Amino acid sequence: MVRQAYIAGESAPSLVRRFDVGYANLRRRARIEGWTRKQIAETLDLKPLRGGADDPRPALMVLADLDGLPEPPAIAPREAVARAVRRAAWLVSEGKANEASLLLRAAEALNKLAWAAKG
């Protein structure tokens with residue numbers, strides 16, 4: 001489970017806390033067994049990016065053409081925050097703590113914006 005979570009992108013410090021394993025032991029086993037992110041990238045013939053890519057990712061290309069996009073469906077900010085928190089809880093239960101953390105940060109920012117707009 002530790003290996004799967006590490007390969008999926010969860011950080012080593014997070015895994016140490018969640019699975020109660022030693023940090024040095026986790027790093028040593030990852031290196032010896034060949035499941036460090038660097039070794040996996042080499043196996044898949046991926047080259048890690050340092051500092052970003054020259055071309056925007058496909059998802060970001062859409063942002064360049066906002067005029068052609070339909071309006072998103074309206075949702076109350078409070079409802080959006082509640083949904084984000086529920087989704088984050090589900091992500092944590094699936095072992096995707098990094099994604100959950102990012103989602104909670106976005107929900108917190110949305111919550112602050114909603115309060116600022118109200119007040």
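These figures come from a predicted structure and were not determined experimentally.
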Atom pair CD (Glu99) and CG (Leu104), whose distance is rounded to the nearest 0.5 Å: 12.0 Å
N/O donor-acceptor pair under 3.5 Å between Ser93 side chain and Trp90 backbone: yes
Reported CG-to-CG distance for the pair Leu15 and Asp20, which is rounded to 0.5 angstrom: 12.0 Å
Taking every non-hydrogen atom, the tightest pair across Ala30 and Gln39: O-OE1, 3.5 Å
Minimum heavy-atom distance between Arg83 and Ile75, given as atom pair plus value: NH1-CD1, 3.6 Å
Crowding at CZ, Arg29 (>12 non-hydrogen neighbours, <6.0 Å): no
Approximate separation, where rounding is to 0.5 Å, of Glu10 CD and Arg17 CZ: 8.5 Å
Euclidean distance, Ile32 CD1 relative to Asn25 CG, rounded to 0.5 Å: 9.0 Å
Straight-line distance of Arg3 CZ to Phe19 CZ, nearest 0.5 Å: 13.5 Å
Nearest heavy atoms of Val92 and Ala100, plus distance in Å: CG2-CB, 3.5 Å
Under 3.5 Å: donor-acceptor pair, side chain of Asn111, backbone of Val81: no
Pairwise distance CZ(Arg78) to CG(Leu110) - rounded to 0.5 angstrom: 9.0 Å
